[in-house]
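Just below is one structure, and these are the notes that go with it.
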Amino acid sequence: MEKKYIIANWKCTKTIQDCLSWVDTVGPHVNASDSYEVIVCPPFMALDAIRRRITDEGYALKVGSQTVSSFEKGAYTGEVSAMMLTDLVDYALLGHSERRSFKHETNEDVAKQVDLCVRYDIEPVVLIRSVEDTIPESVKVFAWEPVSAIGTGNAIDAETAGETISQLSHNGHVRGLYGGSVNPSNIASFMQHPNIAGVLIGSASYEPSTFMEMLNALR
Ligand code: PGA
């Protein structure tokens, strides 16, 4: 059986030190034999330190970026590209609804990011709000995050999420995660659903203790 995913999206909330203490708290409790893969998505400036800590301590954690640039390289002040991230991350979250709204990222931008990730050997995870947000051909993993559920405490129930994800996943050709107000009380319902390949967690992933409660809910 393919492993499910648990993705922790820390957004714009942590210093490098905060990120390191999170992995030192949670890392020892994640095992390579678990039925799920835990992927942490720190802010860019913490990626190098996190990567080193995970390697040095042998934690079974994977690393993702929260976005990548739509540009490959060149005179694009402030951008961080897939080329620059190639040895730092295993995954990249692309097209988060927050980036689509306040950075005005479009489906075309996300498609360029996907191509660059594929070129630089980074697995793209495309985040969609609804069927209006397209999933490019080469993508193998997406996450459905309805805007009404992000950061509101109003998660979609697992049955409805499972149905929507199976419709969006082109009959299972791509693996679909659910995201939006996942917490210790509802995580098991999503993780156990046969059509849902995992969860993408924002606020409930910030505190290592709450994250541990979620892992414990699955054991
Ligand atoms: P939330 O965020 O878990 O705080 O709802 C999810 C996300 O934005 O990825």
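Nothing fancy with the numbering, it's 1 onward along the sequence.
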Between the main-chain N or O of [Y] and the side-chain N or O of [X], is there a donor-acceptor pair closer than 3.5 Å?
{"X": "Thr152", "Y": "Ser148", "answer": "yes"}
{"X": "Asn31", "Y": "Ser33", "answer": "no"}
{"X": "Asn9", "Y": "His96", "answer": "no"}
{"X": "Asp115", "Y": "Lys112", "answer": "no"}
{"X": "Gln66", "Y": "Cys41", "answer": "yes"}

Self-check item: Residues Phe44, Thr67; criterion side chain to side chain contact (heavy atoms under 4.5 Å, CB included); working and verdict
Solution: CA-CA 9 Å; Phe44 284 131; Thr67 182; 3.9 Å; yes
Taking the side chain as every heavy atom from C-beta outward, state whether [X] and [Y] have any atom pair closer than 4.5 Å.
{"X": "Val68", "Y": "Val80", "result": "no"}
{"X": "Leu88", "Y": "Val63", "result": "no"}
{"X": "Ile7", "Y": "Ile201", "result": "no"}
{"X": "Tyr5", "Y": "Val141", "result": "yes"}
{"X": "Ser138", "Y": "Val114", "result": "yes"}
{"X": "Met191", "Y": "Val199", "result": "yes"}
{"X": "Tyr120", "Y": "Leu85", "result": "no"}

Nearest-0.5 Å distance, [atom1] of residue [X] to [atom2] of residue [Y]:
{"X": "Ser205", "Y": "Ile39", "atom1": "OG", "atom2": "CD1", "answer": "12.5 Å"}
{"X": "Leu20", "Y": "Lys14", "atom1": "CG", "atom2": "NZ", "answer": "11.0 Å"}
{"X": "Met214", "Y": "Phe190", "atom1": "CE", "atom2": "CZ", "answer": "12.0 Å"}
{"X": "Ser65", "Y": "Leu93", "atom1": "OG", "atom2": "CG", "answer": "6.5 Å"}
{"X": "Lys103", "Y": "Glu98", "atom1": "NZ", "atom2": "CD", "answer": "12.5 Å"}
{"X": "Arg53", "Y": "Asp48", "atom1": "CZ", "atom2": "CG", "answer": "12.0 Å"}

Practice problem: Go through the steps for Arg100 and Ile128 under the test side chain to side chain contact (heavy atoms under 4.5 Å, CB included), then give the verdict. | Solution: CA-CA 10 Å; Arg100 292 180 193 263; Ile128 62 171; 4.2 Å; yes
Practice problem: Kindly state each residue pair satisfying side chain to side chain donor-acceptor pair (under 3.5 Å) with at least one member in residues 177-201, sequence neighbours excluded. | Solution: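 Sorted pair list comes back empty.
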Quiz item: Pairs in or reaching into residues 210-219: which pass side chain to side chain donor-acceptor pair (under 3.5 Å), with residues at least two apart or in two chains?
Solution: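 Of all non-adjacent pairs touching residues 210-219, those that pass side chain to side chain donor-acceptor pair (under 3.5 Å) are Asp34-Arg219, Tyr36-Arg219.
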Does [X] share a hydrophobic cluster with [Y], counting links as ILVMFWY side-chain heavy atoms below 4.5 Å and allowing steps through other members?
{"X": "Val126", "Y": "Trp144", "result": "yes"}
{"X": "Val26", "Y": "Ile6", "result": "yes"}
{"X": "Val182", "Y": "Phe211", "result": "yes"}
{"X": "Val147", "Y": "Leu127", "result": "no"}
{"X": "Tyr91", "Y": "Leu47", "result": "no"}

Exercise. Identify the residue among Leu94, Leu200, Leu177, Ile165 that makes a side chain to side chain contact (heavy atoms under 4.5 Å, CB included) with Phe142.
Key: Ile165
If you take all heavy atoms of [X] and [Y], which pair is closest and at what distance?
{"X": "Val174", "Y": "Leu168", "value": "CG2-O, 4.4 Å"}
{"X": "Pro42", "Y": "Cys19", "value": "CB-SG, 4.1 Å"}
{"X": "Ala60", "Y": "Ala32", "value": "CB-N, 3.7 Å"}
{"X": "Ala217", "Y": "Ile187", "value": "CB-CG2, 4.0 Å"}
{"X": "Ser97", "Y": "Ile150", "value": "OG-CD1, 3.3 Å"}

Exercise. Look at the aromatic rings of Phe71 and Tyr76 and report parallel, tilted or perpendicular, splitting at 30° and 60°.
Key: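 Phe71 and Tyr76: parallel rings.
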Quiz prompt | Short N-O contact, Arg52 and Asp56, less than 4.0 angstrom | solution = no
Quiz item: Quick one: do Glu145 and Arg129 make a salt bridge, cutoff under 4.0 Å?
Solution: no
Practice problem: Check the surroundings of atom NZ in Lys140: do more than 12 heavy atoms from other residues, nucleotides or ligands lie under 6.0 Å from it? | Solution: no
Quiz item: Going through the checks in order, is the side chain to side chain contact (heavy atoms under 4.5 Å, CB included) test met by Leu61 and Val23?
Solution: CA-CA 8 Å; Leu61 298 171; Val23 297; 3.8 Å; yes
Exercise. Determine which pairs satisfy salt bridge (Lys or Arg N to Asp or Glu O under 4.0 Å) with at least one residue from residues 160-170, sequence neighbours left out, and list them in order.
Key: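 For residues 160-170, and leaving out neighbouring residues, there are no salt bridge (Lys or Arg N to Asp or Glu O under 4.0 Å) pairs at all.
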Practice problem: Just grab all the salt bridge (Lys or Arg N to Asp or Glu O under 4.0 Å) pairs involving residues 68-94, residues at least two apart or on different chains. | Solution: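 For residues 68-94, and leaving out neighbouring residues, the salt bridge (Lys or Arg N to Asp or Glu O under 4.0 Å) pairs sorted by first residue read Arg51-Asp90, Glu72-Arg119.
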Self-check item: With Tyr206 via ring pair (Phe, Tyr, Trp, His ring centres under 6.0 Å) - residues at least two apart
Solution: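 With sequence neighbours excluded, Tyr206 shows a ring pair (Phe, Tyr, Trp, His ring centres under 6.0 Å) to no residue whatsoever.
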Exercise. Report the C-alpha separation of Asp18 and Thr15 in whole Å, then their side-chain angles, then the decisive distance to 0.1 Å, and conclude whether the side-chain hydrogen bond (donor to acceptor under 3.5 Å, both in side chains) test is met.
Key: CA-CA 5 Å; Asp18 294 337; Thr15 63; 3.1 Å; yes
Quiz item: Run the salt bridge (charged side-chain N to carboxylate O under 4.0 Å, His left out) check on Lys4 and Glu37 step by step: do they pass?
Solution: CA-CA 6 Å; Lys4 294 203 175 188; Glu37 182 157 282; over 6 Å; no
Practice problem: Could you check Arg99 against Glu105 for salt bridge (charged side-chain N to carboxylate O under 4.0 Å, His left out), going step by step and ending with a plain yes or no? | Solution: CA-CA 6 Å; Arg99 298 201 61 83; Glu105 286 187 5; 2.8 Å; yes
Quiz item: Does Arg175 have any side-chain hydrogen bond (donor to acceptor under 3.5 Å, both in side chains) partners at least two apart in sequence or in another chain, and if so, which?
Solution: none
Quiz prompt | Side-chain donor-acceptor pair present, Ser21, Asp24, cut-off under 3.5 Å | solution = no
